[in-house]
Amino acid sequence: MNNLLVIHSSGRVTRSITRRLTTRLVAAWKTHHPDGQVVERDLTQSPPPVVNEPWIAAAFADPKRRTPAMLDALASSDALIAEIERADAIVIGAPVYNFGLPAQLKAYIDQIVRVGRTFGFNAEAAQPYTPLLQSKPVVVLTSAGDGSLLPGGALAHLNFLEPHLTTVFGFIGLTDVTFVRVGHEEYQDERLAHSLAAAETAVEELAARGAPAAVAA
Ligand SMILES: Cc1cc2nc3c(=O)[nH]c(=O)nc-3n(C[C@H](O)[C@H](O)[C@H](O)COP(=O)(O)O)c2cc1C
């Protein structure tokens, strides 16, 4: 069974470039995985809770001593992590907002990066941090209003979305991350058309190679 988890984080439901690309990738993926299952999580329609004091107390408590209230505080985190564990591959629509992640995607990251659950911590060890998730392909479909934020562009060093996602996913074990990028969305001219066409071709090529798909064990 091939199980694809699709995560949306654009604030827009209409006219969204990242939703257009995720839709395109899912459609192409389905033609190559007719028996595959697609699970969609829309972080804008259902934003994850922000991490607060009860969450932090629960996450860092001894799991054997968690109270019912603590288990309750971690319920969303448990569900989101289980969804990742069930997936064979993950697709994420991730717009650049203010040089980084949309808040709803950051809230999601804060729910899934959890000590003892997705990463281990041992203060005595030479390497204190251990990723706990099994690696699986992650494709990030991203769009920026200004094309100069993309790799090779004059403002690429100000794009904190890509290094943030690569770092945080690698930290929990998801080291196989591919980016497909669109730039110039704010200009609405031929540069956007060219960038979008290239991204759509890249998406079709990924799907034609069977990606994203788990490598057989
Ligand atoms: C709140 C907000 C912040 C944005 N910040 C940036 C930015 O820092 N740099 C940039 O190039 N584009 C920025 N944009 C433009 C978006 O990256 C662009 O519109 C992108 O296509 C949004 O993704 P979507 O089409 O899937 O909604 C911003 C857009 C919004 C709504």
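Bear in mind that the values here come from a model prediction, so they are computed numbers and not experimental data. Each ligand, and each atom within it, is numbered from 1 in the order the structure gives.
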- Message: Parallel, tilted or perpendicular, judged at 30° and 60°: which one describes the rings of H184 and Y187?
- Response: perpendicular
- Nearest-contact summary for atom 21 (O) of ligand 1 - protein heavy atom, Å: S143 OG, 2.7 Å
- Answer yes or no: does atom CZ of F121 have more than 12 heavy-atom neighbours from other residues, nucleotides or ligands under 6.0 Å? yes
- Message: Using the rule given for side chain to side chain contact (heavy atoms under 4.5 Å, CB included), can you reason through L192 versus I17, listing the C-alpha separation, both sets of side-chain angles and the distance that settles it, and then say yes or no?
- Response: CA-CA 10 Å; L192 170 62; I17 301 279; 4.3 Å; yes
- Do ligand 1 and L149 have nitrogen or oxygen atoms that lie under 3.5 Å from each other? no
- Task: For E204, look at atom CD and say whether over 12 heavy atoms of other residues, nucleotides or ligands are found less than 6.0 Å away.
- Result: yes
- Item | E186: numbered ligand 1 atoms lying under 4.0 Å from its heavy atoms | 12 (N), 13 (C), 14 (N), 15 (C)
- Below 4.0 angstrom from a heavy atom of D146, which ligand 1 atoms are there? Numbered from 1 as shown, please. 10 (C), 11 (O)
- Task: Looking only at protein heavy atoms, identify the closest one to atom 12 (N) of ligand 1 and say how far it is in Å.
- Result: G145 N, 2.9 Å
- Query: Of L165, L133, V168, which meets side-chain contact (heavy atoms from CB on, under 4.5 Å) against L174?
  - Reply: L133
- Query: Among P95, A144, G183, P102, which one has a heavy atom closest to atom 22 (C) of ligand 1?
  - Reply: P95
- Note on the structure: Near S10 (heavy-atom distance under 4.0 Å), the atoms of ligand 1 are 24 (P), 26 (O), 27 (O)
- shortest atom 8 (O) of ligand 1-to-protein heavy-atom contact is with F99 N, 2.8 Å
- Item | Heavy-atom check, side chain of T118 versus side chain of I81, under 4.5 Å | yes
- Query: Do the side chains of H164 and L101 get nearer than 4.5 Å, heavy atoms only?
  - Reply: yes
- Task: Ignoring angles and geometry beyond distance, decide whether R19 reaches within less than 3.5 Å of ligand 1 through its nitrogen or oxygen atoms.
- Result: no
- Note on the structure: shortest atom 7 (C) of ligand 1-to-protein heavy-atom contact is with N98 N, 3.7 Å
- Judged by heavy atoms only, the candidate from G11, G100, S16 nearest atom 24 (P) of ligand 1 is S16
- Which heavy atom of the protein is the closest neighbour of atom 13 (C) of ligand 1, given with residue, atom name and distance? V96 O, 3.3 Å
- Query: In this structure, are over 12 heavy atoms from other groups packed under 6.0 Å from Q127 atom CD?
  - Reply: no
- Message: Set out, in order, the CA-CA distance, both residues' side-chain angles and the distance that settles side chain to side chain contact (heavy atoms under 4.5 Å, CB included) for T142 and R181, then state yes or no.
- Response: CA-CA 5 Å; T142 185; R181 311 165 176 101; 3.7 Å; yes
- Note on the structure: For atom 31 (C) of ligand 1, the closest protein heavy atom turns out to be Y97 CE1, 3.7 Å
- Item | Nitrogen or oxygen of I17 less than 3.5 angstrom from that of ligand 1 | yes
- Query: Of R20, R19, Q104, R15, which is the lone residue that meets side-chain contact (heavy atoms from CB on, under 4.5 Å) with S10?
  - Reply: R19
- Item | Pick from E185, H8, H184, R12: the one approaching atom 25 (O) of ligand 1 most closely through a non-hydrogen atom | R12
